[in-house]
Amino acid sequence: MVHINFGCSIAVFTLVSTATADCTRASLLAASENYLTAQGTGDLQPLFASDFTYLENNKTKDFNSSVLSSPLNITHNHTLLDTIACATYTELVITDPKKQYLIGTQIHYINTSGTSLQISMIDAIVSTTGDWQFNATKSLSYIESEDWSPLPTSSQSTRTYLLSTADAYLDLWGANNASAHVPWGTPCDRMEGSAYTGKGTPTDSCNVGIPTTIQLPNVARRYVVDEGMGCVSVLCVFQCMRNAPDSHEFRVVDGRLRYVHTMTVMRSNA
Ligand SMILES: *[C@@H]1O[C@H](CO)[C@@H](O)[C@H](O)[C@H]1NC(C)=O
Ligand SMILES: *[C@@H]1O[C@H](CO)[C@@H](O)[C@H](O)[C@H]1NC(C)=O
Ligand SMILES: *[C@@H]1O[C@H](CO)[C@@H](O)[C@H](O)[C@H]1NC(C)=O
Ligand SMILES: *[C@@H]1O[C@H](CO)[C@@H](O)[C@H](O)[C@H]1NC(C)=O
Ligand SMILES: *[C@@H]1O[C@H](CO)[C@@H](O)[C@H](O)[C@H]1NC(C)=O
Ligand SMILES: *[C@@H]1O[C@H](CO)[C@@H](O)[C@H](O)[C@H]1NC(C)=O
Ligand SMILES: *[C@@H]1O[C@H](CO)[C@@H](O)[C@H](O)[C@H]1NC(C)=O
């Protein structure tokens, strides 16, 4: 069992997507596949809208000197499609012995009525050696033991329920907030970097190692929701962990929290 004392609560800031036109699952899927292919070669240029913004670890950066603009040998990927926000979230694991990464990338698109969507913003959490519990090989072994397949309709939750579950978890985590009711599942497994709360058994619990003292809230939450996957991605800032740039991904099955994956950037030079 892993006892990890970081936390936070309340204060929700939502970045509103600039997208207004329709984004279909098919066009988001095609865009996410373009992104993955381009990430493999390090050439994402053709996909950008003219007003493109790049955020890496909660800082505006020059995309051309970013980790995402260099070729990465992707070992694992998993993507959420959000037709309402016109956005995707992709979890990447890179176990390249030269340099390992866990990367959580929210990509916001605009529909300019062309044949494909254009990227208006990339908001990436890039974690590597030196970050919270980082070990990409170990993370990969846990991820490969989990089931992240699309859910049958009967096991899906509403967008509102998914968002409230993510917020309740993040609220509980900081302020020891008695009103934050997380619908814990059994089993539930939480992976923080490469630290795992469970053992892959039917009694695994995520309701462990929750801080019991009041801590600074975690803020600047940005959401991508995929009802068909039962998943919510939240990028945020963990103020109580030296303002760490952070990614939390939640998977909810039959109304109960099943998996939590986190990436928390602790390097002072990130
Ligand atoms: C853009 O929006 C239009 C109008 O809603 C829609 O018909 C079209 O499929 C969308 N394009 C993409 C690439 O999603
Ligand atoms: C980084 O996070 C803080 C919240 O702690 C937020 O106020 C700030 O705007 C963020 N920076 C960027 C570039 O978004
Ligand atoms: C990256 O550099 C190229 C060539 O200098 C430039 O055309 C492009 O606009 C830059 N891309 C971004 C996203 O800054
Ligand atoms: C990419 O990684 C795989 C193993 O995950 C390895 O077999 C392959 O050689 C790597 N390719 C490059 C170009 O490094
Ligand atoms: C992404 O993952 C899917 C399986 O989920 C795989 O089929 C695909 O080849 C992967 N793409 C890349 C670029 O690694
Ligand atoms: C990462 O975890 C693996 C076990 O999955 C272990 O063999 C390896 O030594 C770890 N690497 C580091 C740098 O701790
Ligand atoms: C407590 O959690 C609830 C549910 O997530 C939230 O609505 C409320 O704002 C939180 N209050 C405090 C003081 O953290």
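Atoms within a ligand are numbered from 1 in the order they appear, just like the ligands themselves. Keep in mind the model is a prediction, meaning the values are calculated, not measured.
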Inset, instruction - Output yes when Glu249 and Arg251 qualify as a salt bridge under the 4.0 Å nitrogen-oxygen rule, no when they do not. - result: no
Inset, instruction - Using a strict 4.0 Å threshold on nitrogen-to-oxygen distance, state whether Arg190 and Asp204 make a salt bridge. - result: no
Inset, instruction - Compare all side-chain heavy atoms of Thr41 with those of Pro71 and state whether any distance is below 4.5 angstrom. - result: no
For [atom], grab the closest protein heavy atom and report residue, atom and distance to one decimal in Å.
| atom | value |
| --- | --- |
| atom 3 (C) of ligand 5 | Asn77 ND2, 3.6 Å |
| atom 4 (C) of ligand 2 | Val219 CG2, 3.8 Å |
| atom 5 (O) of ligand 4 | Thr75 CG2, 4.3 Å |

Inset, instruction - Select one of side chain, backbone, both or neither to describe which atoms of Leu55 lie under 4.0 Å from any atom of ligand 2, heavy atoms only. - result: side chain
Legend entry - Ring centers of His261, Trp148 separated by less than 6.0 Å: yes
Legend entry - Aromatic ring proximity, centroids under 6.0 angstrom, His248 and Phe238: yes
Would a 4.0 Å cut-off, counted as strictly less than, catch a protein heavy atom around [atom]?
| atom | result |
| --- | --- |
| atom 14 (O) of ligand 4 | yes |
| atom 1 (C) of ligand 4 | yes |
| atom 9 (O) of ligand 2 | no |

Inset, instruction - Give yes if a backbone or side-chain nitrogen or oxygen of Asn73 is under 3.5 Å from a nitrogen or oxygen of ligand 4, and no if not. - result: yes
Legend entry - Aromatic plane relationship, Phe48 with Phe63 - under 30° parallel, 30 to 60° tilted, over 60° perpendicular: perpendicular
Inset, instruction - Would you check whether Asn58 has a nitrogen or oxygen atom less than 3.5 angstrom from a nitrogen or oxygen atom of ligand 2? - result: yes
Inset, instruction - Test Phe250 against Tyr259 for ring pair (Phe, Tyr, Trp, His ring centres under 6.0 Å), laying out the working first. - result: CA-CA 6 Å; Phe250 302 93; Tyr259 296 120; over 10 Å; no
